[in-house]
Peer 1: 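Below: one structure in structure tokens.
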Number of protein chains: 2
Amino acid sequence: MNIIPNLSVDCVIFGVNSENLSVLLVERELTKDGEVLFSDHTLTGHHVIEGENTEDAAIRVLKSITGFENIYLEQFYTFSDTNRLGGKKDIIWRENFPHKIAEHVISVGYYSLVDSTAICPDEAHKNVHWFPIDNLPELGFDHKEIIEKALEQLRIKVMHEPVVFELLPEKFTISQLQKLSEAILGTTFDRRNFRKKVGQMKSIIALDEKQKGVAHKPAQIYIFSKDVYERTRKEKLIFFY
Amino acid sequence: MNIIPNLSVDCVIFGVNSENLSVLLVERELTKDGEVLFSDHTLTGHHVIEGENTEDAAIRVLKSITGFENIYLEQFYTFSDTNRLGGKKDIIWRENFPHKIAEHVISVGYYSLVDSTAICPDEAHKNVHWFPIDNLPELGFDHKEIIEKALEQLRIKVMHEPVVFELLPEKFTISQLQKLSEAILGTTFDRRNFRKKVGQMKSIIALDEKQKGVAHKPAQIYIFSKDVYERTRKEKLIFFY
DNA sequence: TTTGTAAGTGTTAAATGTACACAAAGCCAT
DNA sequence: ATGGCTTTGTGTACATTTAACACTTACAAA
């Protein structure tokens, strides 16, 4: 169970709810003689272990933070600058925590999508918190760059592949689908036009079922059929303009 | 100048001309006592050198094969399966050429685009040849998978970023633009509609100049202005439907 | 019964996509 | 110089898609 000294993964864990898109970050603090030398935030990451591929490493990291194992995960870029751990702060950090890591560590970036309401980073991880994507704190290492790249790739992916459904419950309403899409893409859609387009997608199927116990007109329930989606030769996700 | 034993780059060198899209591959042959044990083809790749990032490694590989240094280059995926060098043939290969490489090598994939008519892989590299993308020979290691991923990513990229112009001469005709696009994307476009759309793009500018010495009506010359393209907040590449 | 809240529904005008055919300009061969 | 060959350049009509927009309905809670 030795780590590979020059190879790590960094996970950009995107949390989505019906209002916004956020990222899970770890607070990193360096104290000396009780005094806080500095603090900032970093992504969750870890070195790859011998005999493990990078995807398994990412799954391992995700599980250790969230407790879940079946999280939507996508590799998006590999960061290999020779001085990517070389910020002023980071040098101090590395001097205090030398571990067994190499000078030049390359990191394979993965992003994942989770329902941010389903994950309460508390118990084991007191210093782990959600930060809205448009209001990030100061970030360590090259993690700002990594998050930006991840977001860019996530949005491209979401527009072309049915990844929103990874995040929705099996049975959902069109409003849920719309709000989630809006949160991820950072846009808004016209409600009526959105529904019209969803109605044209064969892979989004209305059930004979309605919402219950809501204080307004109950919404129709839908499911997404991956089967139909694939049989239709991956129909265009027309509800994104 | 030591290599990093567990880290390599593989370059998918796409060659384009006005007719087709092809890939540059190296023939790999294992002989024993004058007898050919097997032969197949692989991508061009190399281990990363200490003090070098993966992009520099890819540039180095490209230069060693093509002689050029300023080639359009894009990282697209990192391959890290623990048994990615583990095909039957590859095990035999590794037994015969153990070098100093690790058991588990991860490889960062880059693709590049070159004018296949400008590069004649002959002199130094007798066993390097172009293969049309839809008629590839048998491939070693996991290089089939790598090429497929590269092609997928290339096509997505080409549709959204002005990479075709990396390949065109500074002054080009609309036909050239169209044929190149068609070759890369593997589709065809209606000639008139294509021209109509190009005409709408502010970043594609007609010069006061015509083709000369051609055995037909000479075509108007155009240039692509990256400046205008960026000032227009990256106008949509509307000539791809 | 009233109030608040989100769901559900259609039309129109503008823009864009798609399909399609003939004349013009130059070179070459005769 | 003429005719043949090749590629350029051009416009219209129809179909489809986008974009903007407001009122009624169903339910729960007060």
Side-chain angles (χ1 to χ4, degrees), chain A residues 17-20 117 159-160 168-169 171-183 185-224 232 235-241, chain B residues 17-19 117 159-160 168-169 171-183 185 187-224 232-241:
Chain A
N17 57 38
S18 50
E19 265 116 54
N20 66 19
T117 61
M159 305 260 300
H160 296 282
L168 285 170
K171 299 177 175 187
F172 55 87
T173 69
I174 295 190
S175 283
Q176 283 179 293
L177 173 60
Q178 180 173 353
K179 280 183 185 154
L180 213 63
S181 307
E182 290 175 339
L185 295 174
T187 46
T188 56
F189 299 119
D190 177 274
R191 212 163 51 85
R192 277 194 282 189
N193 293 336
F194 189 88
R195 302 175 91 85
K196 207 186 306 171
K197 297 201 179 169
V198 170
Q200 291 171 42
M201 288 200 63
K202 289 176 185 151
S203 53
I204 298 179
I205 300 163
L207 295 186
D208 212 8
E209 223 175 300
K210 303 213 166 220
Q211 265 183 326
K212 273 173 194 161
V214 286
H216 55 77
K217 180 168 178 178
Q220 174 102 309
I221 303 287
Y222 290 80
I223 55 167
F224 170 71
T232 335
E235 62 183 335
K236 257 178 117 182
L237 302 173
I238 48 180
F239 44 93
F240 304 125
Y241 293 5
Chain B
N17 56 39
S18 50
E19 265 114 54
T117 60
M159 305 259 301
H160 297 280
L168 285 170
K171 299 176 174 187
F172 55 87
T173 69
I174 295 189
S175 283
Q176 284 178 292
L177 174 60
Q178 181 173 352
K179 280 181 185 154
L180 214 63
S181 307
E182 289 175 339
L185 296 175
T187 45
T188 56
F189 299 118
D190 177 273
R191 212 161 52 84
R192 277 195 282 188
N193 293 336
F194 189 89
R195 301 175 91 86
K196 207 187 305 174
K197 297 200 180 172
V198 169
Q200 291 172 43
M201 288 200 63
K202 288 176 187 150
S203 51
I204 298 180
I205 301 162
L207 295 186
D208 212 9
E209 223 176 302
K210 303 211 165 221
Q211 265 183 325
K212 272 173 196 164
V214 287
H216 55 77
K217 180 169 178 178
Q220 175 106 12
I221 304 288
Y222 291 80
I223 55 168
F224 170 72
T232 335
R233 296 177 191 278
K234 313 213 167 187
E235 60 183 336
K236 255 179 120 181
L237 301 174
I238 47 180
F239 44 93
F240 304 125
Y241 293 7

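The sequence lines fix the lettering, A, B, ..., with proteins before strands; numbering per chain opens at 1. What you see is a predicted model; the values in this text were computed from it and never measured.
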Peer 1: Is there any side-chain hydrogen bond (donor to acceptor under 3.5 Å, both in side chains) pair reaching into residues 205-220 of chain A, and which pairs are they, with sequence neighbours excluded?
Peer 2: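 For residues 205-220 of chain A, and leaving out neighbouring residues, the side-chain hydrogen bond (donor to acceptor under 3.5 Å, both in side chains) pairs sorted by first residue read A/Lys171-A/Glu209.
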Peer 1: Between B/Lys217 (NZ) and C/dG26 (P), how many Å, whole number?
Peer 2: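 The answer, rounded to whole Å, is 8 Å.
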Peer 1: Atom NE2 of A/His160 and atom CE of B/Met159: how far apart are they, to the nearest 0.5 Å?
Peer 2: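 Going from the NE2 atom of A/His160 to the CE atom of B/Met159 covers 8.0 Å.
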Peer 1: To the nearest 0.5 Å, what is the distance between CD (A/Gln200) and NZ (A/Lys236)?
Peer 2: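 It is 11.5 Å, given to the nearest 0.5 Å.
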Peer 1: When rounded to the nearest 0.5 angstrom, what is the spacing between CZ in B/Phe194 and CD1 in B/Ile174?
Peer 2: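 Atom-to-atom, B/Phe194:CZ and B/Ile174:CD1 are 7.5 Å apart.
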Peer 1: Just how far, in rounded Å, is P of D/dT10 from CZ of B/Phe194?
Peer 2: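 From B/Phe194 CZ to D/dT10 P: 15 Å.
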Peer 1: So if I take every side-chain heavy atom of A/Arg191 and compare against C/dG26, C/dT9, C/dA21, which nucleotide ends up nearest?
Peer 2: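 Among the listed nucleotides, the one closest to the side chain of A/Arg191 is C/dT9.
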Peer 1: Take atom NZ of B/Lys210 and atom P of D/dT8, then tell me their distance rounded to the nearest Å.
Peer 2: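 After rounding, the gap between these two atoms is 12 Å.
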Peer 1: Which part of the nucleic acid, if any, lies within reach of B/Gln211 when heavy atoms closer than 4.0 Å are counted: base, sugar-phosphate only, or nothing?
Peer 2: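 No contact.
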Peer 1: A/Gln220 has an atom CD; how far is it from atom P of D/dT25, in whole Å?
Peer 2: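 Taking CD of A/Gln220 and P of D/dT25, I get 18 Å after rounding.
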Peer 1: Report the distance from atom NZ of B/Lys179 to atom P of D/dT6, rounded to the nearest whole Å.
Peer 2: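 In whole Å, D/dT6 P and B/Lys179 NZ are 13 Å from each other.
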Peer 1: Any base atoms under 4.0 Å from B/Thr173, or only sugar-phosphate, or nothing? Heavy atoms, all strands.
Peer 2: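 B/Thr173: no heavy atom of the nucleic acid under 4.0 Å.
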Peer 1: Rounded to the Å, how far apart are A/Lys236 NZ and C/dG17 C1'?
Peer 2: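 Atom-to-atom, A/Lys236 to C/dG17, this comes out as 11 Å.
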Peer 1: Nearest whole Å is fine: how far is C/dC28 P from B/His216 NE2?
Peer 2: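 For the pair B/His216 NE2 and C/dC28 P, the rounded distance is 11 Å.
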Peer 1: Going by number, which of residues 198-209 of chain A have a non-hydrogen atom under 4.0 Å from DNA chain C?
Peer 2: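 Hits under 4.0 Å, by residue number: none.
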Peer 1: Show which side-chain atoms of residues 175-183 of chain A pair as donor or acceptor with protein atoms under 3.5 Å away, not counting sequence neighbours.
Peer 2:
| from | atom 1 | to | atom 2 | distance (Å) |
| --- | --- | --- | --- | --- |
| A/Gln176 | OE1 | A/Thr173 | N | 2.9 |
| A/Gln178 | NE2 | A/Glu182 | OE2 | 3.1 |
| A/Gln178 | NE2 | A/Phe189 | O | 3.0 |
| A/Ser181 | OG | A/Leu177 | O | 2.7 |
| A/Glu182 | OE2 | A/Phe189 | N | 2.8 |

Peer 1: Quick one: B/Lys212 NZ to C/dA25 C1', roughly how many Å, whole number?
Peer 2: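 Atom-to-atom, B/Lys212 to C/dA25, this comes out as 15 Å.
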Peer 1: Can you list the residues that meet the side chain to side chain contact (heavy atoms under 4.5 Å, CB included) rule with B/Lys202, with sequence neighbours excluded?
Peer 2: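 Counting only residues at least two positions away or on another chain, B/Lys202 forms a side chain to side chain contact (heavy atoms under 4.5 Å, CB included) with B/Val228, B/Glu235.
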Peer 1: Indicate the ring-plane relationship of A/Tyr222 and A/Phe172, choosing parallel, tilted or perpendicular according to the 30° and 60° boundaries.
Peer 2: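 Ring orientation of A/Tyr222 relative to A/Phe172: parallel.
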Peer 1: So, is A/Ser175 close to the C/dA7 phosphate, meaning a side-chain N or O under 4.0 Å from OP1 or OP2?
Peer 2: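 Answer yes for this pair, as a side-chain N or O of A/Ser175 is under 4.0 Å from OP1 or OP2.
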Peer 1: Atom pairs under 3.5 Å, N or O on each side, protein against nucleotides 10-15 of chain C: can you list them with distances?
Peer 2:
| from | atom 1 | to | atom 2 | distance (Å) |
| --- | --- | --- | --- | --- |
| C/dT11 | O4 | A/Lys196 | NZ | 3.1 |

Peer 1: Could you list the residues that satisfy ring-ring contact (aromatic ring centres under 6.0 Å, His included) with B/Phe224, not counting sequence neighbours?
Peer 2: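 Per chain and number, B/Phe224 pairs via ring-ring contact (aromatic ring centres under 6.0 Å, His included) with B/Phe165, B/Tyr229.
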Peer 1: For the CD1 atom of A/Ile204 and the NZ atom of A/Lys197, what is their distance to the nearest 0.5 Å?
Peer 2: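 Here the rounded value is 12.5 Å.
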Peer 1: Quick one: is D/dT18 close enough that its OP1 or OP2 comes under 4.0 Å of any side-chain N or O from A/Lys197?
Peer 2: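 Checking A/Lys197 against D/dT18: at least one side-chain N or O falls below 4.0 Å of OP1 or OP2.
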